[in-house]
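It should be emphasised that the depicted structure is a prediction, and the values quoted were computed from it without experimental measurement. All values below come from the heavy atoms of this structure, side chains included, with hydrogens, waters and symmetry mates left out. Here is how names work: the chains are called A, B, and so on, in the same order as the sequence lines, proteins then strands, and each is numbered from 1.
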Protein chains: 2
Amino acid sequence: MMELTRKGDYAIRGIVYLAGQPLDKISLLSDIAAAVQVPQTFLAKIFQQFSKSGIVKSYRGTGGGFMLARPPEQITLLEVVEAVEGPITPNRCVIAAGECERDSICTVHPVWARVKQQTRSLLAEVSLKDLAGI
Amino acid sequence: MMELTRKGDYAIRGIVYLAGQPLDKISLLSDIAAAVQVPQTFLAKIFQQFSKSGIVKSYRGTGGGFMLARPPEQITLLEVVEAVEGPITPNRCVIAAGECERDSICTVHPVWARVKQQTRSLLAEVSLKDLAGI
DNA sequence: ATATAAAGGGACTATCACAGTCCTTTTAGG
DNA sequence: CCTAAAAGGACTGTGATAGTCCCTTTATAT
């Protein structure tokens with residue numbers, strides 16, 4: 001239970017690397033992939049998701065690459081994880097009330113809600129600045 | 001991320017049902033399965049794990065079945081979940097130091113350790129008595 | 001204009017964990 | 001010794017994960 005996927009792991013590695021680079025430097029995907037030891041084609045998919053979530057800005061063509069969309073202290077670990085893994089939901093029931101028919105009688109429900117809330121707020125307190133050790 | 005499997009869900013349903021029964025009553029697997037709407041053969045595997053973990057006591061043969069091994073207030077949700085899902089580990093690195101080679105440089109590591117610790121202690125505070133609403 | 005260097009995006013594949021099923025064996029009572 | 005239960009092993013279908021491959025789009029440099 002509660003395991004981060006390899007994709008999530010790679011995502012964090014990649015973005016933390018980016019956070020460690022000079023703010024206005026555009027990094028090549030190939031460089032990032034080599035530095036953090038992740039297959040480049042796979043990392044490409046991950047950075048596409050980052051781009052859509054507004055965590056990174058991408059530039060195409062010659063001289064293109066990736067940059068953080070905001071300074072590292074304004075990007076949280078929660079954002080990064082949820083960008084690639086989707087919302088954190090310890091139990092399907094937590095997604096939305098009524099998702100399971102046993103809802104009304106389910107005393108476990110509120111416990112998962114607390115786990116979710118607690119975890120999200122912990123991850124929200126950690127920024128890329130912290131992780132990059134700047 | 002962080003999703004409880006269906007097995008874990010079923011496990012909780014089954015054990016909470018048992019906690020709601022009279023303390024010394026031996027319940028049939030077939031009854032439990034029917035009550036909580038889980039395939040009996042699948043629930044059988046789950047209760048075998050419970051039995052090995054010492055959460056329930058099993059009796060074979062005619063008149064056999066299952067009973068909680070301890071009173072409901074002495075069995076925690078953490079025990080139940082870990083019995084069937086294994087240890088709660090948000091990230092492979094958290095399992096043991098040195099599991100990943102990037103260990104020493106990995107600033108994310110301590111964050112996962114906190115998530116793990118926090119979640120475990122929350123689940124440890126909830127007993128079957130609470131869940132069964134006794 | 002055209003060659004080139006990048007990211008974007010779609011389609012495809014292999015592997016593995018999850019979610020079960022089925023069948024045989026063991027244990028206990030009547 | 002027959003029957004009722006759990007124990008255990010072997011097997012299977014399905015879906016998510018973890019990629020790969022190839023083509024398209026966009027931008028720059030010559």
Separation of C/dA6 atom P from A/F66 atom CZ, nearest Å, is 12 Å
Tabulate atom names and distances for all N/O pairs under 3.5 angstrom spanning the protein and nucleotides 27-30 of chain C.
unit_1 : atom_1 : unit_2 : atom_2 : d
C/dT27 : O4'    : B/R60  : NE     : 3.4
C/dT27 : O2     : B/G61  : N      : 3.4

Exercise. Report yes if some heavy atom in the side chain of B/V38 is under 4.5 Å from a heavy atom in the side chain of B/D9; otherwise report no.
Key: no
Between CG of A/D31 and C1' of C/dA5 the distance, given in whole Å, is 13 Å
Could you list the donor-acceptor pairs under 3.5 angstrom formed between side-chain atoms of residues 55-74 of chain B and any protein atom two or more places apart in sequence or on another chain?
unit_1 : atom_1 : unit_2 : atom_2 : d
B/R70  : NH1    : B/Q74  : O      : 2.9
B/R70  : NH1    : B/E79  : OE1    : 3.3
B/R70  : NH1    : B/E79  : OE2    : 3.4
B/R70  : NH2    : B/E79  : OE2    : 2.9

To the nearest angstrom, the CZ-P distance between B/R6 and D/dT14 comes to 14 Å
Worksheet entry | Under 3.5 Å: donor-acceptor pair, side chain of A/S53, backbone of A/Q49 | yes
* Could you walk me through whether A/V36 and A/V16 pass the side chain to side chain contact (heavy atoms under 4.5 Å, CB included) check? -> CA-CA 9 Å; A/V36 300; A/V16 167; over 6 Å; no
Within residues 15-25 of chain A, the residues having a heavy atom closer than 4.0 Å to DNA chain D are none
Excluding A/L23, membership of its hydrophobic cluster (Ile, Leu, Val, Met, Phe, Trp, Tyr; side-chain heavy atoms within less than 4.5 Å) reads none
OP1 or OP2 of D/dA18 versus the side-chain N and O atoms of A/Y10: is any pair under 4.0 Å? no
Closest to the 5' end of DNA chain C, once A/L28 and B/Q40 are matched to their nearest nucleotides, is A/L28
d(A/L43 CG, A/Q37 CD) to nearest 0.5 Å is 12.5 Å
*For B/T119 and A/Q118, does a side-chain donor sit closer than 3.5 Å to a side-chain acceptor?*
no
- Task: Please test A/L122 against A/L77 for side chain to side chain contact (heavy atoms under 4.5 Å, CB included), starting from the C-alpha separation and ending with a verdict.
- Result: CA-CA 9 Å; A/L122 203 161; A/L77 185 55; over 6 Å; no
note: A/M67, atom CE; D/dA27, atom C1'; distance rounded to Å ~ 17 Å
Please determine whether a side-chain nitrogen or oxygen atom of B/S58 lies at a distance below 4.0 Å from atom OP1 or OP2 of D/dA5.
no
Here the distance between atom C1' of C/dA19 and atom CD of B/E85, to the nearest Å, is 12 Å
dist B/Q21:CD -> B/I32:CD1 (nearest 0.5 Å) comes out at 8.0 Å
A/K7 NZ to D/dT20 P, in whole Å, measures 14 Å
Identify all side-chain donor-acceptor contacts of residues 124-134 of chain B below 3.5 Å with residues at least two apart in sequence or on another chain.
unit_1 : atom_1 : unit_2 : atom_2 : d
B/S127 : OG     : B/K129 : N      : 3.1
B/S127 : OG     : B/D130 : N      : 3.3
B/S127 : OG     : B/D130 : OD2    : 3.3
B/D130 : OD2    : B/S127 : N      : 2.9

When rounded to whole Å, the CG to P distance for the pair B/L29 and D/dA6 reads 5 Å
Exercise. With side chain to side chain contact (heavy atoms under 4.5 Å, CB included) as the test, would you mind laying out the steps for A/R6 and A/Y10 before giving the verdict?
Key: CA-CA 6 Å; A/R6 200 169 300 194; A/Y10 292 170; 3.0 Å; yes
So, with a heavy-atom separation below 4.0 Å from DNA chain C, the residues of residues 41-54 of chain A are A/K45, A/Q48, A/S51, A/K52
Establish, with yes or no, whether the OP1 or OP2 oxygen of D/dA16 is under 4.0 angstrom from a side-chain nitrogen or oxygen of A/T5.
no
